[in-house]
Amino acid sequence: MRSFADSNGDGLGDVGGLRARLPHLAELGVDALWVTPWYPSPMADGGYDITDHRDVDPRFGTLADVDALLEEAHGLGVRVVVDLVANHTSEQHPWFVAALAAGPGSAERGRYFFRDGRAGGDQPPNDWISAFGGPAWTRVTSPGGAPEQWYLHTFAPEQPDVDWSDPQVQQGYDDVVRFWLDRGVDGIRVDAAPAMAKAPGLPDAGHAPGARFDSHLWQDSPHWDVDEVHAILRRWRAISDGYPGDRAFVTEAVVHSAERLSRYVRPDEMHTTFNFDFLHAPWRAERLRQVIDATLAALRPVGAPPTWVLSSHDDPRHVTRYSREQPAERGGPVSGPADLAVGLRRARAATLLLLALPGGAYLYQGEELGLPEVEDLPVDALQDPTWERSGHTVRGRDGCRVPLPWSGEAPPFGFTATDVRPWLPQPPEWAALTVERQSADPESTLSLYRAALRLRRELPGLAGERFRWDDDGDGSVLAFTRGAGFGCLVNLGERPLPLAGRGVALLSSSPVTDELPPDTAVWLERDPAT
């Protein structure tokens, strides 16, 4: 939300900005809007360090503004999903302030993971690591200044983890869920879901010194994807099932396999979950096909719809990811200079692939404009905690969070008042990527998104979950059929692909004639008899 639109001229996106730009979302053709945390926060981690889960930070607006947003969004046919951060609070949350004041062994500290240290108290209680770098433990001091216990934080030190075995925690977050459902939100996105349960006794995880937080590789971790997390998800699902209408939960769950991910969307748990394997797959036909097959196979037994996503507020924008030499696997080396023209071609093709697959699609703000990652933000502008926690070696996620360009020829491009600097600086070259400029260009990336989302609703072949690969005989091509008369063809090779006999082109990511150029996708209308 901070990067979407600013209504009060302070350089920070807010609820008023969302309300003002709702027509853009309606015209784009989206079904729902997911809003990152708008709760009161010291902003140590972009609002994911929360002091009150049932209010709105004054920098973003008021609860009355949220009520107006819900009414106006619903009037345009757009649903609203809020972010639930239930693994941790802010260090300034009343619970944690009370825990520090109450001391060791107190009920107040029972809401969190306070433990005595090793080596006479001088070393962390175990070897767990933080997602933002360094150990996952910070030591506190007594009122007199003496070193005392340690507390757990999977993310930044300003974000202490809550202990979900504590009844006060369980009841507190149940009340949060009910508060927002009562207010009329249509869904809840659960942040960092696999972190919410920890193995009893908090045993060592076996992390080597300097280990990275590679949760997609972990199996049987004592602090990630622990089976007890599913009891939390079931209690929330039971709550939401008691409300009228179609209320939906989506989880953020980076886990090591599609099968593990499917456990989060069993019939009595969440409705959908982000598909990070698809997001992180390189632009290679064989790898994308493997991810699609694994996703469909894992979700079919639990009856949950698949979902697909290309970018997020935690990952480099896919225009830039695709602009370099592609690794063979997720996490492999990305080398060479960025060729953003190639990256944009691939990104546009990936969009048609994503929107042609069965299930749901999540779009990250600005991808409809073809925005690249901003990789040269000034050091003094960086705000992501990863920058400091990594000893200034990892720049963090600010590059994908730069405010959107709406109109005009120079920053702030209509994001905020003309004489105000946005919270992150925008590149001057984004003048060619504004909503205003692209709306007037039928060949723009924005026009492609609008057309694809319209056809996605209208084409009968895209209804339902029917999906079949076409045996193209070429390892650089993805070709599949949906229903009886719809086909999608993606050329990830280096040579043009003949289109003769494949059907009539409905929409393509790049201009095509009788051949499909490299890094291009096309939607086809096919004769059901062939």
Side-chain angles (χ1 to χ4, degrees), residues 1-6 11-15 17-18 21 25 28 30 32-39 41 43-50 57 59-60 80-88 131-132 154-156 159 187-195 213 215-216 250-254 272-280 307-321 347 351 354 360-375 377 381-387 389 394-405 415 422-426 430:
M1 180 179 64
R2 294 184 301 159
S3 296
F4 193 70
D6 171 27
L12 194 66
D14 49 36
V15 179
L18 287 177
R21 298 295 186 176
L25 298 178
L28 183 61
V30 300
L33 165 67
W34 160 44
V35 187
T36 52
W38 50 30
Y39 314 109
S41 168
M43 303 298 286
D45 179 27
Y48 282 87
D49 49 315
I50 297 167
D57 193 297
R59 286 169 287 193
F60 300 140
V80 179
V81 176
V82 296
D83 216 321
L84 176 63
V85 184
N87 175 69
H88 49 266
F132 295 153
T154 300
F155 297 93
Q159 297 167 289
I188 293 174
R189 179 258 191 187
V190 181
D191 178 68
F213 199 91
S215 62
H216 69 284
V250 55
T251 58
E252 178 196 34
V254 182
T272 67
T273 186
F274 286 172
N275 189 340
F276 288 97
D277 286 344
F278 188 79
L279 186 155
H280 293 132
T307 65
W308 317 98
V309 59
L310 290 169
S311 284
S312 81
H313 67 304
D314 287 331
D315 295 275
R317 288 187 177 275
H318 58 283
V319 166
T320 300
R321 289 204 318 274
T351 296
L354 169 120
Y362 289 92
L363 310 177
Y364 178 52
Q365 61 176 20
E367 73 172 77
E368 76 275 17
L369 305 178
L371 298 184
E373 184 84 357
V374 182
E375 298 185 297
L377 286 170
L382 297 179
Q383 300 187 31
D384 193 295
T386 303
W387 175 243
R389 293 279 292 173
V394 180
R395 292 176 66 88
R397 301 160 294 177
D398 291 318
C400 66
R401 300 177 176 184
V402 174
L404 300 190
F415 167 77
W423 72 280
L424 286 173
Q426 302 156 305
W430 279 12

Please step through side-chain contact (heavy atoms from CB on, under 4.5 Å) for the pair L404 and W430, ending with a clear verdict.
CA-CA 9 Å; L404 300 190; W430 279 12; 5.9 Å; no
pair [X]-[Y]: side-chain heavy atoms closer than 4.5 Å:
X    : Y    : value
V309 : F278 : no
V15  : V35  : no
R397 : H313 : no

Is the backbone N or O of [Y] less than 3.5 Å from a side-chain atom of [X], with the two atoms forming a donor-acceptor pair by type?
X    : Y    : result
R401 : R2   : no
D57  : S41  : yes
T273 : T251 : yes
Q426 : V402 : no

Only one of N87, D83, T36, D191 forms a side-chain hydrogen bond (donor to acceptor under 3.5 Å, both in side chains) with Y48, so which one is it?
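Only one of N87, D83, T36, D191 forms a side-chain hydrogen bond (donor to acceptor under 3.5 Å, both in side chains) with Y48, namely D83.
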Q159: which of D45, T154, D49 passes side-chain hydrogen bond (donor to acceptor under 3.5 Å, both in side chains):
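Among the candidates, only D45 passes.
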Steps toward side-chain contact (heavy atoms from CB on, under 4.5 Å) verdict (D315, H280)
CA-CA 9 Å; D315 295 275; H280 293 132; 2.8 Å; yes
Where is the tightest heavy-atom contact between [X] and [Y], given as atom of each residue plus distance?
X    : Y    : answer
D314 : C400 : N-SG, 4.2 Å
P37  : F60  : O-CE1, 3.9 Å
T307 : N275 : O-CB, 3.0 Å
F4   : R21  : CE2-CB, 3.4 Å
Y364 : S311 : CB-O, 3.5 Å
H318 : T351 : NE2-OG1, 4.5 Å

Nearest 0.5 Å, what's the [atom1]-[atom2] distance between [X] and [Y]?
X   : Y    : atom1 : atom2 : answer
L12 : F415 : CG    : CZ    : 6.5 Å
L84 : E252 : CG    : CD    : 12.0 Å
M43 : Q383 : CE    : CD    : 8.0 Å

Any salt bridge between R59 and D6, counting N to O under 4.0 Å?
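A salt bridge is absent here (no side-chain N lies under 4.0 Å from a carboxylate O).
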Pair E367 + R317: basic N to acidic O under 4.0 Å:
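No salt bridge links E367 with R317.
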Determine whether L382 and L377 satisfy the following criterion, side-chain contact (heavy atoms from CB on, under 4.5 Å), listing intermediate values before the conclusion.
CA-CA 7 Å; L382 297 179; L377 286 170; 4.0 Å; yes
Do the two ring centres, one from F276 and one from H216, sit under 6.0 Å apart?
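Judged by ring-centre distance (under 6.0 Å), F276 and H216 do not meet the cut-off.
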So, do W34 and F274 have ring centers that fall under 6.0 Å from each other?
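Under 6.0 Å, so yes.
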So, D384 and T386: side-chain donor and acceptor under 3.5 Å apart, yes or no?
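The answer is yes; a qualifying pair exists.
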Verify side-chain contact (heavy atoms from CB on, under 4.5 Å) between L279 and Y362, making sure each step is shown before the conclusion.
CA-CA 10 Å; L279 186 155; Y362 289 92; over 6 Å; no
